[in-house]
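Notes for the one structure printed next.
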Amino acid sequence: MPKPRKRLGGAAGPDNKGPAGKHTKTKNPAGALAAMGNSSPEKTSASKNCGKNLSSYWLMKSEPESRLEKGVDVKFSIEDLKAEPKQTACWDGVRNYQARNFLRAMKLEQEAFFYHSNCKEPGIAGLVKIVKEAYPDHTQFEKNSPYYDPSSKEDNPKWSMVDVQFVRMMKRYITLAELKTHYQAHKTTGGPLKDMALFTRQRLSVQTLTPEEFYFILSLEEKEPS
DNA sequence: GCCAACGTTGGC
DNA sequence: GCCAACGTTGGC
C-alpha cells in the first residue's frame, strides 16, 4: 500500500500563508545542487553546523497507479503533485512510526526524492522539497479515509504529515533496478549506496538519504542507464 | 497474483 | 516481555 500518498492539500490547505506563497524563492534549484557535487566541501571546519541539519535528504514513496483502499483511490504520482495548486500537497497517510518520525524531522527547504512504488516500473521520478514542517495528519480522524485511525485522539494526534512542493523531474527516470545494481556493487566496493535504506529497510515509505547517497543518485542522471 | 520481508497485535 | 499469528508493503 500505500504509503503515503498525499492528496489534496493543495495549497497547504487552510493555512496557506498568504505572503509566504508570494515570494516563492525558487532557490536552490536542485540542478545547482547536482552541479556542486562535492566540490564545495563545506568547510567541515567545524562547528559550523552545530549539529543542525543532521539528515537533510529524504526519499518518499507514493503509488502512481490507481489502487483502491477502502473504496478510495490512493494513487498519487509526481504528475498528480505537479497538477496541484502551487504544485504543493500534504503527504498524508503515513502510518508507520519510523516513517512518521522522519516526517517530524524534516525541515523547510530540505529536498526529497519522489519515488514511485508498487507499479510497473518502480523508481525515482523527481525532486520535491519540504514547504511545511510536520503537523497533524487530518486523515487519521476521518472515518471514511483509508487512513482513519480510531485509536488517535484529537487532543493528541498520533500521525503527522508535511507539505511538499514539486521541484523538478529527474532528467531521466532512475529505476529501482538500476539503483539495485549499484547497491549490490557498492556492498562489495564500499560505494555510496552500500547501506541505502531502499534496500536495507525495504518497507519504509519515508527514508533518509546521506548526502553521499543523494548526490550519487543525482549523478546518475547524467549517465546512460546501466 | 504471488509471496518474502517485516511491522504490529495480543495471548500468555 | 516473548513470540506466534496476522496484516501490510511492495517487488516481481
Side-chain angles (χ1 to χ4, degrees), chain A residues 1-7 55 57-81 89-106 112-128 134 136-153 156-162 164 169-170 172-188 191-209 213-214 216-217 220 225-226:
Chain A
M1 341 284 29
K3 18 223 87 336
R5 67 231 36 2
K6 78 357 21 324
R7 75 194 243 53
S55 170
Y57 303 99
W58 310 94
L59 180 146
M60 304 170 83
K61 301 179 182 177
S62 188
E63 299 186 41
E65 296 176 3
S66 288
R67 190 173 60 75
L68 296 185
E69 192 164 328
K70 285 169 70 176
V72 177
D73 192 352
V74 296
K75 164 186 188 290
F76 191 72
S77 68
I78 197 164
E79 297 297 337
D80 294 323
L81 175 62
C90 57
W91 204 267
D92 61 359
V94 170
R95 295 294 179 272
N96 167 282
Y97 288 107
Q98 190 172 7
R100 178 203 69 180
N101 292 342
F102 284 145
L103 289 177
R104 291 181 177 178
M106 290 175 170
F113 285 127
F114 192 116
Y115 178 87
H116 281 171
S117 69
N118 205 16
C119 58
K120 271 302 166 32
E121 181 76 277
I124 295 172
L127 274 172
V128 300
D137 177 346
H138 53 89
T139 64
Q140 66 197 303
F141 305 119
E142 299 169 0
K143 296 192 171 53
N144 295 325
S145 169
Y147 311 121
Y148 176 58
D149 181 354
S151 72
S152 184
K153 302 302 172 214
N156 187 21
K158 222 181 243 190
W159 306 110
S160 299
M161 64 185 182
V162 296
V164 302
M169 298 299 288
M170 297 303 280
R172 67 180 179 83
Y173 190 71
I174 308 294
T175 67
L176 173 64
E178 179 174 355
L179 292 169
K180 183 178 286 184
T181 296
H182 291 294
Y183 163 67
Q184 284 171 339
H186 290 183
K187 276 196 294 182
T188 304
L193 299 194
K194 67 176 166 35
D195 296 316
M196 191 180 181
L198 195 57
F199 305 103
T200 61
R201 313 299 323 276
Q202 78 183 81
R203 294 179 46 189
L204 196 57
S205 67
V206 177
Q207 2 188 299
T208 58
L209 291 176
E213 290 166 339
F214 183 80
F216 175 80
I217 292 167
L220 295 177
S226 39

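Chain letters run A, B, ... following the sequence lines, proteins first and then strands; every chain starts at 1. For clarity, every value in this text was computed on a predicted model and none was experimentally measured. Heavy atoms only: backbone and side chains are in, while hydrogens, waters and symmetry mates are out.
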Review point. If you check the Gln202(A) side chain, which of dT8(B), dG11(C), dA5(B) turns out closest?
Key: dA5(B)

Exercise for review: Look at Arg201(A) and dG7(B) and indicate whether a side-chain polar atom (N or O) is within less than 4.0 Å of OP1 or OP2.
Suggested key: yes

Revision key, fill the gap. To the nearest angstrom, the CG-P distance between Leu179(A) and dC12(C) comes to 11 Å

Revision key, fill the gap. Separation of dC12(C) atom P from Lys120(A) atom NZ, nearest Å, is 14 Å

Review point. Quick check: does any side chain N or O of Lys70(A) sit under 3.5 Å from a backbone N or O of Asn144(A), one acting as donor and the other as acceptor?
Key: no

Check your understanding: Given dT9(C), is OP1 or OP2 found less than 4.0 Å from the side-chain N or O atoms of Lys61(A)?
Key -> no

Review point. Choosing from dT8(B), dC12(C), dG10(C), which nucleotide comes nearest the side chain of Lys180(A)?
Key: dC12(C)

Check your understanding: Which heavy-atom pair separates Arg104(A) from Ser160(A) by the least distance, and what is that distance?
Key -> NE-OG, 2.9 Å

Practice item. Measure the distance from CZ on Arg67(A) to P on dG11(C) and round it to the nearest whole Å. Key: 12 Å

Review point. Rounding to a whole Å, what distance do you find between Leu198(A):CG and dG11(C):P?
Key: 7 Å

Practice item. Please state how far atom CZ in Phe76(A) lies from atom P in dG10(C), giving the value in whole angstrom units. Key: 16 Å

Review point. Which word best sums up how the rings of Trp91(A) and Phe114(A) line up, parallel for under 30°, tilted for 30 to 60°, or perpendicular for over 60°?
Key: perpendicular

Point to revise | Separation of dG10(C) C1' from Tyr115(A) OH (nearest whole Å) | key: 8 Å

Study note, to complete from the structure: To the nearest angstrom, the CG-P distance between Asn96(A) and dG7(C) comes to 18 Å

Point to revise | Donor-acceptor pair between Thr139(A) and Arg95(A) side chains, under 3.5 angstrom | key: yes

Point to revise | Length of the line joining Met196(A):CE and dG11(C):P, which is rounded to integer Å | key: 12 Å

